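The structure appears below as structure tokens.
These figures come from a predicted structure and were not determined experimentally.
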Amino acid sequence: MDSQAHIGFQIPETLYQDVTGLIEQIRTRPQQRQHGKAAANVVSALLHQGIQTFYFDVVNGVRTHPAARKSADAGISTVAKGADLVIRKMANSLEPDELLIIADYLSGLLFVQGDQRYLAFPLEPASVQELQQVITRIHSDADTFAYNHLIVNALCRLTDQAVQHFYYQPTRLIKIRTFVKKSADLGIRTVLKGIHFVIHLMFRQTRQRELIRFSTYLENQLVYLPAAR
């Protein structure tokens, strides 16, 4: 069977139950007003799980210069606060029918493989090839300064795709008040710039043994699922 590469992160069982429980509540009782606040809490929890997986788990396992780590920690903290603000502003403005649309969209990003739960989105073929080439280069070339920029480019492109799937695509499915949408768009652009800054900071000076650990970690986030037909 053909498969489609997805990139994502594992979700603890308790959080997975919170997400699926909220989706079920929205589908069965869409008119309840507290769903907006509950949705904000769940999506915020997913955000922080993603940051834990893609940032803290990485920098805790791959040695980073103390000064760079301090700056990156400050950057990711700002990113998290900005994203939280966007999430809560958007969720609190949703009508019941819009919450149903978002619940269905979120359900499509949840995957189960064996005993692991994931939130993941499909990767473009060019990005899969780019990541595979970077991983191969990491394992074969000790001169990391010759290709650090390729790692940065690949990760920034990956981030851009994540923002497309986790923000722009779902918000296109619903009608949002103009001033809320403009404010949220500005917030997400600021968040994206912050993430790019952290990526550049973390990977501009690295050693091969650190990158090998990182590449192994990155490969573990790739999930291959049956391709849509």
Side-chain angles (χ1 to χ4, degrees), residues 6-19 22 37-91 102 105-106 109-111 116-121 123 127 131 151-152 154-171 184-204 206 210-211 213-223:
H6 288 63
I7 189 81
F9 54 91
Q10 291 184 15
I11 306 172
E13 177 65 25
T14 53
L15 180 53
Y16 180 81
Q17 293 300 329
D18 287 343
V19 177
L22 174 65
K37 182 178 180 180
N41 290 337
V42 163
V43 174
S44 179
L46 289 170
L47 165 71
H48 287 279
Q49 182 63 38
I51 290 173
Q52 178 66 45
T53 301
F54 285 111
Y55 176 71
F56 287 106
D57 288 353
V58 171
V59 297
N60 289 338
V62 179
R63 193 179 71 84
T64 308
H65 189 280
R69 173 66 191 271
K70 185 177 180 180
S71 295
D73 282 358
I76 206 68
S77 176
T78 300
V79 164
K81 289 177 182 177
D84 263 331
L85 184 62
V86 170
I87 289 167
R88 297 189 184 284
K89 186 176 294 186
M90 295 288 292
I102 295 301
Y105 184 84
L106 182 59
L109 298 174
L110 294 172
F111 300 99
Q116 301 295 337
R117 281 85 171 110
Y118 290 88
L119 186 77
F121 63 89
L123 279 175
S127 291
L131 286 173
I151 301 171
V152 169
L155 294 180
C156 285
R157 210 176 330 271
L158 197 62
T159 300
D160 293 345
Q161 288 184 56
V163 170
Q164 281 292 328
H165 285 277
F166 293 143
Y167 175 72
Y168 286 110
Q169 285 193 22
T171 56
D185 283 355
L186 177 60
I188 208 68
R189 286 196 297 269
T190 302
V191 166
L192 189 57
K193 288 180 182 177
I195 296 173
H196 281 208
F197 166 78
V198 171
I199 290 171
H200 280 272
L201 192 64
M202 287 180 60
F203 291 94
R204 66 184 179 187
T206 49
E210 295 167 347
L211 288 178
R213 288 196 294 270
F214 170 72
S215 68
T216 300
Y217 188 85
L218 184 61
E219 285 181 291
N220 289 336
Q221 308 312 316
L222 288 170
V223 185

Report summary line: To the nearest 0.5 Å, atom CZ of R117 lies from atom CD of Q17 at 7.0 Å
Requested in this report: Taking the side chain as every heavy atom from C-beta outward, state whether V86 and T190 have any pair of such atoms under 4.5 Å apart.
Outcome: no
Query raised in the report: Using 30° and 60° as the class limits, which term best fits the ring planes of F121 and H165: parallel, tilted or perpendicular?
Result: parallel
Query raised in the report: Between the main-chain N or O of D185 and the side-chain N or O of Y167, is there a donor-acceptor pair closer than 3.5 Å?
Result: yes
Query - Side-chain heavy atoms of L22 within contact of L106, under 4.5 Å - result: no
Report task. State whether the side chain of T159 and the backbone N or O of L155 hold a donor-acceptor pair below 3.5 Å, judged by distance alone. Result -> yes
Query raised in the report: Between CD1 of I151 and CG of L131, what distance do you get to the nearest 0.5 Å?
Result: 11.0 Å
Query raised in the report: Can you check whether F166 reaches L119 side chain to side chain, under 4.5 Å on heavy atoms?
Result: yes
Query raised in the report: Does a side-chain heavy-atom distance below 4.5 Å link D84 with H48?
Result: yes
Report task. Might you work through the side-chain contact (heavy atoms from CB on, under 4.5 Å) test for L110 and I11, ending with a clear yes or no? Result -> CA-CA 9 Å; L110 294 172; I11 306 172; 3.8 Å; yes
Query - Side-chain heavy atoms of L222 within contact of L123, under 4.5 Å - result: yes
Report task. Measure the spacing between CD1 of I188 and OG1 of T171 and express it to the nearest 0.5 Å. Result -> 9.0 Å
Query raised in the report: What is the minimum heavy-atom distance between F197 and S71, and which atoms define it?
Result: CE2-O, 4.3 Å
**Report entry** Pairwise distance OG1(T53) to OH(Y55) - rounded to 0.5 angstrom
**Finding:** 14.0 Å
Report task. Please report the shortest heavy-atom distance between A40 and I87, naming the atom on each side. Result -> O-CG2, 3.7 Å
Report task. To the nearest 0.5 Å, tell me how far D160 CG sits from Y168 OH. Result -> 9.5 Å
Requested in this report: Compare all side-chain heavy atoms of L15 with those of V19 and state whether any distance is below 4.5 angstrom.
Outcome: yes
Query raised in the report: Say you draw a straight line from CG of N41 to CG of L46; how long is it, rounded to the nearest 0.5 Å?
Result: 11.0 Å
Requested in this report: Check whether any side-chain N or O of Y16 sits under 3.5 Å from a backbone N or O of Q116 as a donor-acceptor pair, and report yes or no.
Outcome: no
